[in-house]
Protein chains: 2
Amino acid sequence: MEEAVAVQMAELSRRSRVPVATIKYYLREGLLPPGTPTSATRAEYGEAHLRRLRLIRALVEIGEIPVAAVGHILARVDDESVSLHDMFGAVQYSLRPQPTRPILDADGQAASHEVDELIAELGWRITPDAPARALLASALAALRRADAPQGPGLHAYASAMAALAAKEVPSVAPSGSDGKSRVELAEGAVAAMVLYERVLVALRRLAQEDASARFFGGR
Amino acid sequence: MEEAVAVQMAELSRRSRVPVATIKYYLREGLLPPGTPTSATRAEYGEAHLRRLRLIRALVEIGEIPVAAVGHILARVDDESVSLHDMFGAVQYSLRPQPTRPILDADGQAASHEVDELIAELGWRITPDAPARALLASALAALRRADAPQGPGLHAYASAMAALAAKEVPSVAPSGSDGKSRVELAEGAVAAMVLYERVLVALRRLAQEDASARFFGGR
């Protein structure tokens with residue numbers, strides 16, 4: 001719910017930990033809506049601005065999404081006619097890492113084919129232009145070229161990720177039942193999509209450190 | 001096994017897809033051992049150079065590890081007195097994303113505490129300076145600030161990652177049984193550590209796109 005709090009730029013900067021110059025940049029780029037003018041040179045900002053700033057920072061700092069793409073995502077957060085699926089897609093297709101140009105040698109082609117086959121076998125509904133296809137193919141091609149050990153196999157990773165996604169996607173969906181506005185719910189869902197990927201990567205590294213310590217007897 | 005193949009710089013560049021200038025830079029930085037001189041101005045390079053170049057590219061391009069840190073990792077690959085645990089640690093602690101400076105406000109402190117508690121509850125063996133601790137804490141702090149939905153819960157992610165790590169870490173460990181040298185096995189294991197993280201992230205995004213399509217009825 002919108003609280004009746006209005007602050008000036010300096011206070012907005014303090015509370016959001018975003019420098020004034022950066023806030024002004026976001027205002028110029030249209031990422032942040034203008035404040036309410038209180039004089040010719042001053043304006044007041046409310047809780048909606050603070051929330052929006054936090055979301056922008058999560059997208060820019062944790063998602064490492066370029067400012068232009070952040071504007072594209074926020075337009076979908078604010079547009080009630082955009083489906084949640086398309087809103088999540090706009091976020092996910094902008095996240096780093098992005099695929100580099102494909103390498104179409106024999107390993108690259110074999111890896112692309114492996115990705116297509118895996119998606120077909122699993123019956124996953126994925127658009128042909130999903131960047132994660134190329135991201136996966138480039139990693140698989142590099143694994144082939146490096147003659148790296150097999151690991152637990154693609155299906156083990158895919159099953160684990162499908163099980164998590166089946167819990168995560170519904171749970172971050174705006175449920176609309178706790179008195180929040182659609183924009184507030186959409187903002188929370190977008191932040192969650194970006195931040196849980198970081199949570200997963202960090203937990204993977206911690207789990208691997210522990211497994212390595214147990215398996216190889218570490219410090 | 002080392003094949004008796006010796007090529008000149010131009011051919012090494014063609015086969016590795018690494019530009020000659022970049023190969024020369026790696027030679028100067030000591031990432032790549034010198035070739036065998038065949039005249040005052042020429043040298044020949046073998047399969048070991050090609051393998052090493054592929055490993056460097058995986059670390060630099062997929063792991064986004066700075067060249068100085070790549071040298072640090074390769075020194076551990078080549079040093080038989082370094083334990084596998086320490087070799088894997090050198091890789092993992094260098095991978096992007098790295099944590100940014102910690103934000104020690106109330107949310108940041110609560111998040112750090114949450115990470116410590118989780119690791120203690122799970123009984124994971126993690127060094128106090130593991131960068132993934134701060135990486136996880138910064139994501140959890142941002143989730144708190146964004147008032148984001150709860151998601152499936154930290155323990156669900158942690159269990160899934162522990163189950164994968166318990167398969168992955170032993171499987172990428174050099175087994176030493178297929179006629180490969182220790183360096184070859186270590187190179188493969190290091191490449192696998194970096195590349196499987198990319199595989200996991202890509203599969204997560206694909207699984208989420210599918211879950212979103214099913215849950216929200218997408219295109």
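Worth knowing before you read on, the calculation uses all heavy atoms, side chains too, and leaves out hydrogens, waters and symmetry mates. Naming convention: chains lettered A, B, ... in sequence-line order (proteins, then strands); numbering from 1 in each chain.
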Looking at B:Arg54, B:Arg205, B:Lys167, B:Met161, which has the largest count of heavy-atom pairs under 4.5 Å with chain A? B:Arg205
Which atom names give the shortest non-hydrogen contact between A:Pro170 and B:Phe215, and what distance separates them? CB-CZ, 3.3 Å
Check step by step if side chain to side chain donor-acceptor pair (under 3.5 Å) holds for B:Tyr93 and A:Glu209. CA-CA 10 Å; B:Tyr93 284 19; A:Glu209 180 169 336; 2.7 Å; yes
Evaluate the side-chain contact (heavy atoms from CB on, under 4.5 Å) criterion for residues B:Leu154 and A:Leu203: first the C-alpha distance (whole Å), next the side-chain angles of each, then the deciding distance (0.1 Å), finally the verdict. CA-CA 9 Å; B:Leu154 271 190; A:Leu203 282 170; 4.0 Å; yes
Using heavy-atom distances under 4.5 Å, tell me whether B:Ala160 contacts chain A through its side chain, its backbone, both, or neither. side chain
Please state whether the side chain, the backbone, both or neither of B:Arg17 comes within less than 4.5 Å of a heavy atom of chain A. side chain
If every non-hydrogen atom of B:Val199 is compared with every non-hydrogen atom of A:Ala139, which pair is closest and at what distance? CG2-CB, 3.8 Å
Select one option (side chain, backbone, both, neither) describing which atoms of A:Leu195 are under 4.5 Å from chain B's heavy atoms. both
For B:Leu206 and A:Ile126 the tightest heavy-atom approach is O-CD1, 3.1 Å
Relative to chain A, which segment of B:Glu64 carries a heavy atom at a distance below 4.5 Å: side chain, backbone, both, or neither? side chain
In terms of heavy-atom proximity below 4.5 Å to chain A, should B:Leu135 be classed as side chain, backbone, both, or neither? both
When the ring planes of B:Tyr196 and A:Tyr157 are compared, do they come out parallel, tilted or perpendicular, using 30° and 60° as the limits? parallel
Please report the shortest heavy-atom distance between B:Ala146 and A:Ala191, naming the atom on each side. CB-CB, 3.8 Å
Heavy-atom pairs under 4.5 Å with chain A: which of B:Ile62, B:Asp147, B:Ile119 has the most? B:Asp147
Under 4.5 Å between any side-chain heavy atoms of B:Arg204 and A:Gln92, yes or no? no
